[in-house]
Structure formats: C-alpha cells, structure tokens
Amino acid sequence: MIAASSVANPGKDWELHGSETEAGFDGDGLDTLRAFVATQPTDMLLVVRQGKVALSLGEPDRKFLCHSMRKSFLAALIGFEVEEGRIDLSATLEHLGINDREGLSDIERQATVYDLLTARSGIYHPAGYETPWMRRIKEPRHSHAPGTFWCYNNWDFNALGTIFETLTGETVHQAFARRIAGPIGMQDFTHAGDERDGWHESFDISEHRAYPFRMSSRDLARFGQLFLQRGLWSGTSVLPSGWAQQCVMPYSHAGTHGGYGYMWWLEREGVFLPGVVTPKGSYAAMGAGGHYCLVIPALDMVVVHRVDTEIQGREVTRFGMGKLLRLLLAAMSNTS
C-alpha cells in the first residue's frame with residue numbers, strides 16, 4: 001500500500017496530468033477503453049492517479065444519486081463518534097432502545113452496533129430502500145444469531161442511521177457536510193438552503209429511514225482519495241487515526257463479490273468484479289445501477305463510475321464494470 005504522505009491530494013480544483021504517459025497509461029489502450037465505454041450507459045468515468053486526474057469522460061460536476069454508496073459515507077462518520085465516545089461499537093440494540101414495527105426478539109436485540117456495521121446482525125426484519133437483489137438474498141427471519149452470519153442487509157444499514165442520528169443529535173448529511181465535505185474541499189456537495197444533496201426516505205414496513213445522497217463525481221473522487229490517503233488531507237488527519245484502515249479490513253467473505261468491511265466492499269484474492277483480476281488491497285463504495293468509488297492503493301488510483309439511474313432501466317451491470325476495469329488496467333503502461 002502506498003504511504004499516505006506520498007500522495008498529492010487536490011487543492012481547490014483537481015489538477016490534470018500533463019499527458020496520458022505521465023499518468024502511466026498507454027494511449028492506444030485508453031482509446032480501446034473509450035470505445036468500450038461508448039457501448040454502455042456510462043454517464044461518467046473519472047480516473048485519478050497520484051492525486052491528479054488521468055481520465056475524465058463525462059461531466060465531473062454533474063450530480064447523481066449515490067444509492068448504497070451512502071453506507072460508506074456513514075461508515076466514515078461513525079469513526080468520529082467512536083473516537084469521541086458517543087457511539088460504543090459493543091452497545092446492544094436492547095441497551096440503545098432500538099426496535100421496529102414487527103418487534104425484535106430478545107435474541108435479535110442482543111445484536112451490537114459492531115454487528116450492524118459489519119452486516120452481521122442476524123436481523124432480517126423488513127427494510128426499506130432495498131433492491132430486488134437485496135430482497136432475493138435476504139435470509140429468513142430468525143435464521144441466524146447476531147454476529148454469526150454475513151448478509152448484505154438494509155435493515156442493518158438503515159438502523160445504523162437511526163442510531164447515529166439519535167446519539168449525535170445531527171443528521172447523517174449534516175455530519176457529512178461538517179466532518180468530511182468541508183474539510184476535504186468538496187466543490188459541489190451542499191446541505192444548506194433548499195437545494196440539499198441529502199434527505200431521508202421513510203417506509204411503512206420499518207421505522208428506520210434511509211438517508212440518500214446526491215453527489216458529483218469529482219466530489220466522490222475526493223472521498224475516495226481521502227481513504228487512499230488513510231484519512232489524511234494536506235497532511236492533516238480528517239478521519240480518526242486508523243479508522244480508514246479499519247473500515248476496509250476483511251471482516252466477512254462475500255462470495256463472488258469479494259469481501260466486506262465496515263460498509264465497504266473489498267477485493268479478496270483478486271475476486272471483486274467478474275472478468276477481471278482486481279489488484280490486491282482494492283476496495284469500493286458501491287451503489288445500485290453501476291455507481292462505484294473504487295480505491296486501488298497498489299496503483300495509487302481512484303476510479304469513479306456513475307450512471308444516471310434516475311432514467312428507468314439505465315444501468316451498467318457488474319459484468320460491464322468488470323470489463324471496463326479490465327480494459328483500464330490493461331491500458332496501464334507501467335503495471336507490473
């Protein structure tokens with residue numbers, strides 16, 4: 001992994017590499033990549049290498065829905081609250097007074113904040129903001145005890161939002177604007193006035209709300225760069241020491257999706273996306289329809305991919321993203 005101090009993070013604006021060669025890419029390889037991108041509904045591809053923009057296809061300031069990338073934003077924020085003592089990862093739902101509309105069993109209420117953060121709560125109560133895939137993989141209610149089984153489960157992630165906002169007195173979006181967006185100089189994200197880039201969605205089936213975000217690709221790349229730099233920005237700690245690393249440790253095996261950390265997806269022995277061997281140590285915030293903020297420490301690189309999923313039926317599949325990543329890696333003239 002590249003030392004955080006060796007990475008030159010952006011100033012007020014992103015700096016561009018002087019040439020494709022300077023960024024470590026082969027021109028013919030990038031032409032092949034561009035031709036492939038044009039065949040699928042990619043609306044933005046932004047590649048940052050060594051803290052500078054190496055490739056930008058689309059409008060970097062255009063805001064898109066983030067979908068489940070919101071979970072990685074919350075994971076980053078929880079680190080501050082753990083560090084400052086407002087959130088205890090060992091606290092149980094019983095201790096915190098967390099329940100839901102169908103009622104949680106005594107066993108379910110023994111799940112800890114840590115269990116939710118690692119998607120191992122064992123609570124398969126109905127939850128909102130789920131994709132069809134999430135509903136398909138959801139385990140039967142009461143089939144696993146807390147902490148014993150990993151399942152990508154929106155109940156965990158939405159309940160964490162409730163816990164965060166109850167214990168801090170601040171919404172996820174307010175905290176993100178204050179703790180992260182401001183300190184790392186996000187250019188487009190706003191949570192003031194009427195044009196807010198974060199809101200809540202409520203549901204009849206659960207009392208725990210979702211907390212969607214909208215974000216530009218150049219701002220999302222800053223978030224990825226912050227993690228690439230292990231929570232440092234311009235030599236100053238933005239995230240608590242060690243938290244960025246804790247977020248992307250392999251707490252769970254995620255089958256063909258690789259591994260899972262604190263609401264981040266991880267490469268596992270090259271397994272991450274279909275059809276490509278992903279560099280060791282890579283990890284990503286991911287959202288439905290083709291939203292990725294992929295951090296590749298081995299190559300000093302952040303890859304942001306966006307799709308206008310507000311247009312019905314518009315998406316890039318995991319297979320399409322796998323081929324895109326394979327072509328991007330093949331275009332690197334100095335990949336060892």
Report task. Apply side-chain contact (heavy atoms from CB on, under 4.5 Å) to the pair I184 and I180, showing each step before the final yes or no. Result -> CA-CA 6 Å; I184 68 174; I180 294 177; 4.0 Å; yes

Report task. Measure the acute angle between the ring planes of F223 and F176, then classify it against the limits of 30° and 60° as parallel, tilted or perpendicular. Result -> tilted

Query raised in the report: What's the shortest heavy-atom distance between A331 and L30, and which atoms?
Result: CB-N, 3.8 Å

Query raised in the report: Is there a donor-acceptor pair under 3.5 Å between the side chain of H17 and the backbone N or O of S19?
Result: no

Query raised in the report: Is there side-chain contact between R306 and M69, with at least one heavy-atom pair below 4.5 Å?
Result: yes

Query raised in the report: Judged by atom type as modelled, is there a donor-acceptor pair below 3.5 Å linking the side chain of D26 to the main-chain atoms of M332?
Result: no

Query raised in the report: Picking from Y152, F73, F164, what satisfies ring-ring contact (aromatic ring centres under 6.0 Å, His included) with F157?
Result: Y152

**Report entry** Close side-chain approach of L160 and I78, heavy atoms under 4.5 Å
**Finding:** yes

Requested in this report: Determine, for E130 against K138, whether the closest basic-nitrogen to carboxylate-oxygen distance falls under 4.0 angstrom.
Outcome: yes

Query raised in the report: Which value, rounded to the nearest 0.5 Å, describes the distance between C247 atom SG and M263 atom CE?
Result: 8.0 Å

Report task. For side-chain hydrogen bond (donor to acceptor under 3.5 Å, both in side chains), just list the numbers for S206 and H125, CA-CA rounded to whole Å, side-chain angles, deciding distance to a tenth of an Å, and then say yes or no. Result -> CA-CA 8 Å; S206 173; H125 185 286; 4.7 Å; no

Query raised in the report: Under 4.0 Å between a Lys/Arg side-chain N and an Asp/Glu carboxylate O for E195 and K63?
Result: no

Query raised in the report: Hey, are D115 and S121 close enough side-chain-wise for a donor-acceptor pair under 3.5 Å?
Result: no

**Report entry** W264-H257 aromatic ring centre distance below 6.0 Å
**Finding:** no

Query raised in the report: Could you walk me through whether H208 and D100 pass the side-chain contact (heavy atoms from CB on, under 4.5 Å) check?
Result: CA-CA 8 Å; H208 301 295; D100 210 340; 3.3 Å; yes

Query raised in the report: Picking from V47, V303, V304, what satisfies side-chain contact (heavy atoms from CB on, under 4.5 Å) with L294?
Result: V303

Query raised in the report: Which residues satisfy the ring pair (Phe, Tyr, Trp, His ring centres under 6.0 Å) test with Y211, sequence neighbours excluded?
Result: none

Report task. May I ask you to test the L55-L33 pair for a side-chain heavy-atom distance under 4.5 Å? Result -> yes

Requested in this report: Consider only side-chain N and O atoms of H144 and E139, and report whether a donor and an acceptor are under 3.5 Å apart.
Outcome: yes

Query raised in the report: Does any N or O in the side chain of T42 come within less than 3.5 Å of the main-chain N or O of M44, such that one atom is a donor and the other an acceptor?
Result: no

Requested in this report: Please assess L324 against V316 for the test side-chain contact (heavy atoms from CB on, under 4.5 Å), listing each intermediate value before the final yes or no.
Outcome: CA-CA 10 Å; L324 186 156; V316 169; over 6 Å; no

Requested in this report: Could I get the full list of salt bridge (Lys or Arg N to Asp or Glu O under 4.0 Å) partners for D61, not counting sequence neighbours?
Outcome: none

Query raised in the report: Is it the case that one hydrophobic cluster holds both L273 and V277, taking links as side-chain heavy atoms less than 4.5 Å apart, direct or via other members?
Result: no

Query raised in the report: Is a side-chain N or O of T39 found less than 3.5 angstrom from the main chain of F36, in a donor-acceptor match?
Result: yes

Query raised in the report: Under 6.0 Å from the NE2 atom of H95, do we count more than 12 heavy atoms belonging to anything else shown?
Result: no

Requested in this report: Could you identify which residues cluster with L65, counting Ile, Leu, Val, Met, Phe, Trp and Tyr as linked when any side-chain heavy atoms lie under 4.5 Å apart, either directly or through a chain of such contacts?
Outcome: W199

Requested in this report: List the steps and the verdict of ring-ring contact (aromatic ring centres under 6.0 Å, His included) for Y283 and W265.
Outcome: CA-CA 6 Å; Y283 52 90; W265 295 93; over 10 Å; no

**Report entry** Main-chain N/O of K12 paired to Q187 side chain as donor or acceptor, under 3.5 Å
**Finding:** yes

**Report entry** Check: S216 main-chain N/O paired with D188 side-chain donor or acceptor under 3.5 Å
**Finding:** no

**Report entry** Cluster overlap L228 with M249, hydrophobic side-chain contacts below 4.5 Å
**Finding:** yes

Query raised in the report: Does V113 reach the side chain of L116, with side-chain heavy atoms less than 4.5 Å apart?
Result: no

Query raised in the report: So F272 and Y292, would you call those rings parallel, tilted or perpendicular, with 30° and 60° as cut-offs?
Result: perpendicular

Query - Side-chain donor/acceptor of D197 to backbone N/O of T190, under 3.5 Å - result: yes

Query raised in the report: How long is the gap from CD on E102 to CD on E207, to the nearest 0.5 Å?
Result: 11.5 Å

**Report entry** Main-chain N/O of F64 paired to D308 side chain as donor or acceptor, under 3.5 Å
**Finding:** no

Query - In one Ile/Leu/Val/Met/Phe/Trp/Tyr side-chain cluster, 4.5 Å: Y124, L104 - result: no

**Report entry** Joint hydrophobic cluster, W133 plus F319, side-chain heavy atoms closer than 4.5 Å
**Finding:** no

**Report entry** W243 six-ring face occupied by R230 cation (under 6.0 Å, within 45°)
**Finding:** no

**Report entry** Qualifying residues under salt bridge (Lys or Arg N to Asp or Glu O under 4.0 Å), relative to R34, sequence neighbours excluded
**Finding:** E20, D31

Query raised in the report: Just by distance, with hydrogens left out, do R196 and H173 show a side-chain donor and acceptor under 3.5 Å apart?
Result: no

Query raised in the report: Between Y129 and S68, is any side-chain donor less than 3.5 angstrom from a side-chain acceptor?
Result: no

Requested in this report: Indicate yes or no for a side-chain donor-acceptor contact from S234 to the backbone of T236 under 3.5 Å, with no hydrogens or angles considered.
Outcome: no

Requested in this report: Might you work through the side-chain contact (heavy atoms from CB on, under 4.5 Å) test for W233 and L239, ending with a clear yes or no?
Outcome: CA-CA 9 Å; W233 200 264; L239 299 180; over 6 Å; no

Query raised in the report: How long is the span from the CZ atom in R179 to the OG1 atom in T168, to the nearest 0.5 Å?
Result: 9.0 Å

Report summary line: To the nearest 0.5 Å, atom CD1 of I296 lies from atom CG of L328 at 6.5 Å

Query raised in the report: Is there a donor-acceptor pair closer than 3.5 Å between any side-chain N or O of R49 and the backbone N or O of F25?
Result: no

Query raised in the report: More than 12 foreign heavy atoms under 6.0 Å from CD of E84: is that the case here?
Result: yes

Report task. Assert yes or no for the condition that the ring centre distance of Y262 to Y251 is strictly below 6.0 Å. Result -> yes

**Report entry** Note, H253 side chain near R268 side chain (heavy atom, < 4.5 Å)
**Finding:** yes

Report task. Output every pair passing salt bridge (Lys or Arg N to Asp or Glu O under 4.0 Å) with a member in residues 313-332, not counting sequence neighbours, ordered by first then second residue. Result -> D43-R314

Query raised in the report: Are H200 and E165 close enough that a side-chain donor and a side-chain acceptor fall under 3.5 Å?
Result: yes

Query - ILVMFWY network linking F149 to I137, side-chain heavy atoms under 4.5 angstrom - result: no

Query raised in the report: Taking side chain as C-beta onward, heavy atoms only, is T112 less than 4.5 Å from P146?
Result: no

Query raised in the report: Given a cutoff of under 4.5 Å between side-chain heavy atoms of I, L, V, M, F, W and Y, with clusters grown through shared members, what are the other residues clustered with V271?
Result: none

